[in-house]
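A, B, ... follow the sequence lines: proteins, then strands. Residue 1 opens every chain. Computed from a predicted structure; not experimentally measured.
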Amino acid sequence: MRPDDANIAGNVHGGTVLKMIEEAGAIISTRHCNSGQGEPCVAALARVERTDFLSPMCIGEVANVSAEITYTSKHSVEVQVNVMSENILTGAKKVTNKATLWYVPLSLKNVNKVVEVPPIQYTHKEQEDEGRKRYEEQKLERLETKQRNGDVILPVINPDRQTKEPHTVGYSQSSLIHLVGPSDCTLLGFVHGGVTMKLMDEVAGIVAARHCKTNIVTASVDAINFHEKIKKGSVITISGRMTFTSNKSMEIEVFVDADPFVDEPQERYRAVSAFFTYVSLSKEGKPLPVPQLLTESEEEKRRFEEGKGRYLQTKAKRQAQMQQGSCADLVLQ
Amino acid sequence: MRPDDANIAGNVHGGTVLKMIEEAGAIISTRHCNSGQGEPCVAALARVERTDFLSPMCIGEVANVSAEITYTSKHSVEVQVNVMSENILTGAKKVTNKATLWYVPLSLKNVNKVVEVPPIQYTHKEQEDEGRKRYEEQKLERLETKQRNGDVILPVINPDRQTKEPHTVGYSQSSLIHLVGPSDCTLLGFVHGGVTMKLMDEVAGIVAARHCKTNIVTASVDAINFHEKIKKGSVITISGRMTFTSNKSMEIEVFVDADPFVDEPQERYRAVSAFFTYVSLSKEGKPLPVPQLLTESEEEKRRFEEGKGRYLQTKAKRQAQMQQGSCADLVLQ
Amino acid sequence: MRPDDANIAGNVHGGTVLKMIEEAGAIISTRHCNSGQGEPCVAALARVERTDFLSPMCIGEVANVSAEITYTSKHSVEVQVNVMSENILTGAKKVTNKATLWYVPLSLKNVNKVVEVPPIQYTHKEQEDEGRKRYEEQKLERLETKQRNGDVILPVINPDRQTKEPHTVGYSQSSLIHLVGPSDCTLLGFVHGGVTMKLMDEVAGIVAARHCKTNIVTASVDAINFHEKIKKGSVITISGRMTFTSNKSMEIEVFVDADPFVDEPQERYRAVSAFFTYVSLSKEGKPLPVPQLLTESEEEKRRFEEGKGRYLQTKAKRQAQMQQGSCADLVLQ
């Protein structure tokens with residue numbers, strides 16, 4: 001991990017980690033999908049399950065990323081990726097992330113065609129059954145989000161923050177635009193999912209820092225669905241706005257909208273959206289209280305309540321699992 | 001702004017800022033030129049007006065870049081770009097740059113064809129008249145430079161600096177070569193103007209640092225004309241030599257020469273040239289005196305006098321405008 | 001491997017591969033050197049043995065890099081690194097490189113202190129004996145090169161190539177300058193050996209392309225010794241000149257000279273030098289004849305003869321080993 005991978009306090013950006021995770025997932029699933037007799041294809045990211053950042057990684061540490069295919073349906077692959085940070089001076093290792101990604105293989109000759117996935121062998125019948133259950137669950141959720149995504153009104157990006165009160169939604173709202181270049185893309189000429197996630201985390205981090213004006217780190221990302229491909233040459237706008245704050249955490253909603261380039265008939269479209277959760281850290285790495293978000297409009301109040309719902313649900317789930325000592329737990333204190 | 005965007009003292013390179021400015025300009029003008037019924041096109045940078053760096057930006061700050069189209073002629077677009085640095089911890093904001101750029105839309109199907117620009121609407125008649133005046137002025141200046149550019153004798157860059165006395169022109173003279181890769185280029189396969197400017201600033205900065213051996217920052221860049229496109233696969237040579245020093249500033253002339261790659265019939269050609277002005281800063285950020293440039297040959301003496309002319313002209317203009325407190329004013333102390 | 005890692009013909013730059021090799025070597029040797037009870041340290045690259053590029057790697061392929069410690073002396077570590085390219089669409093794998101690197105652990109508290117290396121366990125006594133032999137050989141060679149390095153007269157780099165005849169030394173001679181930034185450096189603030197090698201390969205590639213004006217690839221690099229550390233903030237000049245051509249190969253000598261930044265008492269010094277061998281490839285990937293180098297001065301003729309000596313020596317060694325089918329063999333046809 002190099003200085004450019006991290007913020008000023010030396011903590012590696014969550015987005016850098018997400019990008020590595022996706023790179024590992026894309027390699028292993030593309031390799032698998034081409035191992036049968038089918039036509040050549042490239043695996044495209046369809047979905048990332050909710051991901052917790054268990055402990056922060058620092059400049060100078062070595063990231064160990066390992067990936068394994070855990071389930072295959074006819075047209076999709078589930079990959080489990082683990083990330084460990086290793087301090088090569090002390091030898092200390094820590095699990096920093098466990099992520100689950102879903103890929104869909106697209107034909108190299110016809111990018112609109114999904115090819116068939118060679119089935120994997122399971123050592124136990126239960127593995128297959130559990131995998132099928134996860135598959136059905138995510139399929140359902142993807143359908144639901146697709147609908148929600150379509151409804152969303154394009155956010156008014158208002159860089160006129162000068163006139164806004166601190167701690168309001170408008171004050172920390174941020175956006176960035178990025179011109180999709182060749183190195184952002186797969187062999188098919190579409191943006192790597194990891195590149196998109198890195199930019200989303202960058203915007204979310206700026207929103208969080210503007211709100212609480214301290215050192216902040218990514219604590220978790222909720223499930224992200226990639227409904228639409230983004231083509232080389234597109235201009236993408238990544239926008240973030242804070243939706244909810246608890247005592248020690250901030251939830252930021254991030255949208256990715258794409259303008260297809262020139263001679264494409266397509267209109268601007270919503271490509272991705274997700275919720276990022278951030279915590280604020282003191283110089284000693286202890287979680288700090290977060291200033292409460294001031295909601296003004298009815299819509300902001302509604303979103304705050306929805307965020308609270310997600311927060312309480314996660315909290316309940318976490319307590320049920322009794323997973324202790326993780327960095328994502330800072331959120332719940 | 002990340003560590004790699006800045007020098008060791010933490011000041012962001014002027015070239016990094018120029019690159020962002022150009023990216024914003026290219027996106028907004030390409031978007032505008034494709035908004036009519038005309039054929040698909042990509043906006044190519046034709047000229048950047050003189051740009052002052054009003055205050056330095058630092059690692060960890062967020063750069064806010066906003067762009068607006070301020071004039072359109074039949075075949076060109078004028079874009080105004082503003083850059084603000086924001087310290088997201090303190091909330092402090094400063095204007096760091098205001099730049100004016102001219103773009104020309106090239107057809108996606110035939111890169112040698114300039115397409116028509118859809119006209120913008122002006123709120124006041126005066127805006128259009130003033131725009132037209134700026135358009136005519138820059139057109140004239142571009143023609144003049146083109147001629148001057150042709151006359152210029154290729155600089156003999158001699159990095160055999162061991163044998164040179166400190167503070168001579170030969171001592172600080174520097175050059176670098178760069179192989180133009182895919183990420184440096186637009187969809188048409190030509191180098192982004194911003195990439196060229198970043199490399200030019202890099203060379204100018206090294207010339208300045210070699211001369212005064214202190215922390216240096218870009219104070220201003222004079223108007224830059226992009227006469228010739230540079231194609232992917234070209235090798236470009238960027239050379240810089242000091243032309244003039246005042247008490248507190250250095251002027252560096254930078255040339256960009258391109259060698260088309262392989263099987264192209266074209267000869268090496270002069271693609272761009274410009275003058276960069278640098279100031280030297282103490283650890284506290286105060287301007288330091290600059291060692292005077294020692295001129296040896298007749299040509300060096302002539303160039304020094306010409307640089308002095310430009311310096312006095314800028315100084316007179318600045319005093320007339322009574323613009324105070326800007327970083328570019330450090331030059332004039 | 002992304003578009004930015006490769007040249008226009010899609011072949012990955014040799015320098016990109018060298019950088020990955022060194023990164024793997026630095027991680028494994030730093031980890032090993034900190035595994036004992038000694039003080040915290042960072043492994044610094046001291047030497048890379050002669051490295052052949054057995055087959056070219058392409059955009060879209062996955063590079064598999066594996067490293068193993070094969071010998072330890074009291075103060076140094078020998079690492080063997082293997083690189084394989086994998087086409088994840090076809091599943092085809094090829095060995096592209098086998099490299100041997102020597103590292104020296106420097107104390108984190110005092111960068112001028114070399115700390116002790118924990119010994120490794122050998123499965124056979126012969127492994128240790130052969131390792132010791134390699135250690136003694138490279139030690140001797142390093143001493144010899146150090147002496148030669150000191151003698152070398154600084155090259156007069158003359159990019160005034162317009163006045164030069166094609167195929168002369170002066171015509172293809174090239175140089176670039178680079179400002180050493182934070183991401184180029186280890187935790188100790190010194191340039192990664194891999195970063196230096198990547199820049200060296202970049203310059204050598206431009207020299208080769210200028211000479212033969214075709215698609216060129218790195219065939220081999222001779223042993224490189226890193227005598228002097230290069231500190232963050234230094235300006236380094238990398239210069240390349242062609243020394244020898246056979247029917248199908250070109251030998252390019254590359255120098256790295258460092259100017260310590262600002263307030264350092266040290267003078268410019270020669271940090272590294274090495275010979276790179278390139279071959280020219282047709283569009284079908286077949287080796288092309290190379291235009292013979294025209295030598296003008298006595299020194300150029302002397303260097304040509306020395307290059308011929310190295311060429312014949314390698315050829316004899318290769319034939320003795322009967323290593324067939326490798327890309328580095330193209331050199332010898």
>> Report which part of A:L187 has an atom under 4.5 Å of a heavy atom belonging to chain C: side chain, backbone, both, or neither.
In response: side chain
>> Distance check, rounded to the nearest 0.5 Å: A:I88 atom CD1 versus C:C33 atom SG?
In response: 10.0 Å
> With a 4.5 angstrom heavy-atom cut-off, which part of A:E39 approaches chain C: side chain, backbone, both or neither?
Replying inline: neither
> For A:K232, does the NZ atom have more than 12 heavy-atom neighbours from other residues, nucleotides or ligands under 6.0 Å away?
Replying inline: no
>> For C:E61, which atoms come within 4.5 Å of any heavy atom of chain A: side chain, backbone, both, or neither?
In response: neither
>> Rounded to the nearest 0.5 Å, what separates atom CD1 in C:I59 from atom OG in A:S183?
In response: 8.5 Å
>> Taking the side chain as everything from C-beta on, heavy atoms only, tell me whether C:T30 gets closer than 4.5 Å to A:L89.
In response: yes
>> Looking only at heavy atoms and a cut-off of under 4.5 Å, which of A:E86, A:R31, A:R2 has the most pairs with chain C?
In response: A:R31
> Checking A:C41 against chain C: side chain, backbone, both or neither under 4.5 Å from a heavy atom?
Replying inline: backbone
>> Taking 4.5 Å as the heavy-atom cut-off, does anything in residues 103-115 of chain A contact chain C, and if so which residues?
In response: A:L108
